[in-house]
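In what follows, a structure is listed as structure tokens, so that the remarks can point back to it.
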4 protein chains.
Amino acid sequence: MSEGATTKWQRRKEDRPGEILAAALDCFAERGFAATRMDDVAARAGVTKGTIYLYFKTKEDLFKALVRRELLPNIERLEEMAKVPGPVAVLLERLLDLWATHVVPSRVALIPKLMLAEAGNFPDLAKFYLDEVINRGRTVLRAVLRRGVEAGEFRPDIDVDHVAYCVLAPLVFTVLWRHSFEPHDDRPMDVTAFARAHLDTLLNGLRPAARRK
Amino acid sequence: MSEGATTKWQRRKEDRPGEILAAALDCFAERGFAATRMDDVAARAGVTKGTIYLYFKTKEDLFKALVRRELLPNIERLEEMAKVPGPVAVLLERLLDLWATHVVPSRVALIPKLMLAEAGNFPDLAKFYLDEVINRGRTVLRAVLRRGVEAGEFRPDIDVDHVAYCVLAPLVFTVLWRHSFEPHDDRPMDVTAFARAHLDTLLNGLRPAARRK
Amino acid sequence: MSEGATTKWQRRKEDRPGEILAAALDCFAERGFAATRMDDVAARAGVTKGTIYLYFKTKEDLFKALVRRELLPNIERLEEMAKVPGPVAVLLERLLDLWATHVVPSRVALIPKLMLAEAGNFPDLAKFYLDEVINRGRTVLRAVLRRGVEAGEFRPDIDVDHVAYCVLAPLVFTVLWRHSFEPHDDRPMDVTAFARAHLDTLLNGLRPAARRK
Amino acid sequence: MSEGATTKWQRRKEDRPGEILAAALDCFAERGFAATRMDDVAARAGVTKGTIYLYFKTKEDLFKALVRRELLPNIERLEEMAKVPGPVAVLLERLLDLWATHVVPSRVALIPKLMLAEAGNFPDLAKFYLDEVINRGRTVLRAVLRRGVEAGEFRPDIDVDHVAYCVLAPLVFTVLWRHSFEPHDDRPMDVTAFARAHLDTLLNGLRPAARRK
DNA sequence: GATGAATGAGATTTCATTCAT
DNA sequence: GATGAATGAAATCTCATTCAT
């Protein structure tokens, strides 16, 4: 099709695993792990079923490699961001902006839905995700909120642990929505506007009365 | 063998479909639609595979009947609640309380995760869910928020459409969390505390500066 | 085909496993374990592939069940025979007669070839066969030979351990031959005549000079 | 890369087919034809799968080449031996000695087990083996036995045809045993002692009473 | 109505074979 | 000549569905 490749045979050891993983992520996110056939993945990756097995021992293996590969490079970003000094409000704004512009449109955004659906079938992977993604995220968010309280930016009486979930929930909601119901909805969601509304409500909700707009 | 036993309780035959649907919901929520075998459902319902086919034509049929049956009696409650006059803050408080005490612990709470995972595989069902649940919910929430604005309870500059999602997201998050990662987590989530934190942040976030605590 | 069975559906839970095992034995003996397809076994048993899996978890399982089932009822016969008092020559004659008339034409005769070929692939089964069949057989044969020596029927200087193999080898040879090369040979082997020749040579070979014919 | 290295030993290319055949023989004898993967053979031969196909068109081809190659140089030896004049007892002694010291420890010893197992799958090869090995062997053995009878070494009433199998069976038994059950047995078989016991029993069994020891 | 043995289409996985490098 | 990535046909095994009992 592209670039004059006329032979049916390609040899691209370097790229294959990546191509296959990308295809698998799409398929799994669309139909779920069990409902995806290896043929589907192969077709989307532009190879044959057999080729997948050159790189991944089983379908389950493919799934796990996929999740780990997509997540690992993203786990640390949040932690880095949280270290930057300055007002927490600015930090949260940056976080939401990054989310709307870089995370939601990227492939990682497909992972949460997948993990949610398959947590019951892949307990070890669920544990991994819980430990390496959710817990680290929770910890960072709590620290940030506490920093806000200590700096007087936020009310001292907030329930930091549960408010952390309030910060997180709309972010998760966005990616889930996008890859499930939005395609069937008339009006696509405006992620940026949503992020702005979320930030606005949240910051006003957390600030002491004196500092509100 | 013991057919002469007349005192033996007759299995209530009229409940078979209900028992099967309940079993199916559990199974689907745990493992997903495709990964659930009819044998699993049958075993959990305490019947044999063949019996399921007396009441449902196919596995897909079972799934659809299930979703519809669980949702329909719940759709109208929210709409009813919203009609009750009085301060919106009180209304939201009641809503969250109902959620924490009745919805989260009930079987309906399993539906969102299922629908999320299978929206791609069952477009018509997704459309149904979008129309009959999500849209009606959205509409109600928007109306409620607008009522709050009009009554002066909420700031006039809020983005009603997107704030509606901010109200909803943590609710959805709770049920998803409960049936995916919570079983693997050390500390179970305190839904009531979460609801309180959500309400607190939200109301303070929406109120005009003058009315905040 | 037979007995007016007009439906494609038969329900014969009792007989199925036996029918399947019989079919499997034939197929395995003909083509070997690996070269036999489950479809082959199913076709010969008059069922479909799926049915086999109702009774046996895997192909390997089928193989092991088969070997064990065919052997177990046969292991003890030899031991019983050896207990009968009387001249050893008579005992050996009876043994060879039983072999020629009952063992060689029966299904058990297929097992040695199978076990020989698959000993490398199924070490635990090989161990079982070695322990339960070969060793018990060896032990009996040695005891019988020793009895012959003690009774003065046989020369006192024979190497009992190795002569036992000399007794056994032609018996094994017969069944291997019958199910491998004989079908391609012009003249079928006359098992009875072979047994007679074997007995004659053997007894004369073991007797002290004085007792020979 | 290091193509300038002239002192480097060139792999003896002329031996590739031989190396591959040797590897194949080992693999086939261990696991059987069908259960052996070309990868197994390649790995044992120290080449890659593709290389095998430079020398052999198919797996079946490899198998047939193997059998023919191993057998052909061995077929005529027996015939040569049988031509040597002298007492038949001496001839048989030499034969058994050759078997124990040269045949059993060699690669040809792997062939019978293989042929036995695969006779059903490779009828033309079975026919070849029957014609070129078994029949020539049978013929020689019968001639030898007849010579013994004519020379008065053996009783005139022996059933030459079937006694030939009695001579052969223990020889076959040895190699089969060695490559199937012996590895799982506690005590390895002493081939030389076995050969001696066989010869002793056999000669005494065939000799007329007057000539026995 | 209920059962569960049997089916058969379809899934995952393997592996002999090919061919660009 | 040698490689090994890629293929695709065929194998094992699963499971939704049927139907005689």
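These figures come from a predicted structure and were not determined experimentally. Chain identifiers are assigned alphabetically (A, B, ...) following the order of the sequence lines, protein sequences preceding nucleic acid strands; residue numbering begins at 1 within each chain.
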For residues 35-53 of chain C, which residues have at least one heavy atom under 4.0 Å from DNA chain F?
-> C:Thr36, C:Arg37, C:Met38, C:Lys49, C:Tyr53
May I have the distance from B:Arg31 (atom CZ) to F:dC15 (atom C1'), rounded to whole angstrom?
-> 14 Å
Give a yes or no on whether a salt bridge exists between B:Arg107 and B:Asp26, defined as a side-chain N under 4.0 angstrom from a carboxylate O.
-> no
State which of F:dG1, F:dA6, E:dA16 makes the closest approach to the side chain of D:Tyr55.
-> F:dG1
DNA chain F nearest-nucleotide lookup for C:Phe33 and B:Phe33: closer to the 5′ end is C:Phe33
Which whole-number value in Å describes the distance from A:Lys59 NZ to F:dC13 P?
-> 18 Å
Between atom CZ of D:Phe63 and atom CG of D:Leu25, what is the distance when rounded to the nearest 0.5 Å?
-> 9.5 Å
Figure out the CD/P separation between A:Glu60 and E:dT12, and round it to whole Å.
-> 13 Å
For a salt bridge (charged side-chain N to carboxylate O under 4.0 Å, His left out) with C:Asp40, tell me which candidate from C:Lys59, C:Arg31, C:Lys49 qualifies.
-> C:Arg31
Could you tell me the separation between the CG atom of D:Leu54 and the P atom of E:dC19, rounded to a whole number of Å?
-> 14 Å
Rounded off to whole Å, could you give me the CG-to-P distance for the C:Asp15 and E:dA5 pair?
-> 14 Å
Please report the closest heavy-atom contact between A:Cys27 and A:Thr36, naming both atoms and the distance.
-> O-OG1, 3.2 Å
Within 45 degrees of the axis of the six-membered ring of D:Tyr55 and under 6.0 Å from its centre: does D:Arg16 put its NZ or CZ there?
-> no
Length of the line joining D:Phe63:CZ and E:dT17:C1', which is rounded to integer Å | 19 Å
To the nearest angstrom, the CZ-C1' distance between C:Phe56 and E:dA5 comes to 15 Å
In terms of side-chain geometry, is the basic nitrogen of A:Arg44 or A:Glu30 positioned less than 4.0 Å from the acidic oxygen of its partner?
-> yes
When B:Phe122 is tested against each of B:Phe33, B:Tyr129, B:Phe28 for ring pair (Phe, Tyr, Trp, His ring centres under 6.0 Å), which residue passes?
-> B:Phe33
How does DNA chain E look in dot-bracket form if you count Watson-Crick and G-U pairs under 3.5 Å, write [ ] for pairs that cross, and put | where a base pairs with another strand?
-> .||||||||||||||||||||
Value for CD (B:Glu60) from CD (B:Glu118), rounded to nearest 0.5 Å, stands at 10.0 Å
Of all heavy-atom pairs linking A:Ile52 and A:Met38, the shortest is CD1-O, 3.6 Å
Of D:Lys57 and A:Ala34, whose closest DNA chain E nucleotide lies nearer the 5' terminus?
-> A:Ala34
Separation of F:dT17 C1' from B:Asp61 CG (nearest whole Å) | 13 Å
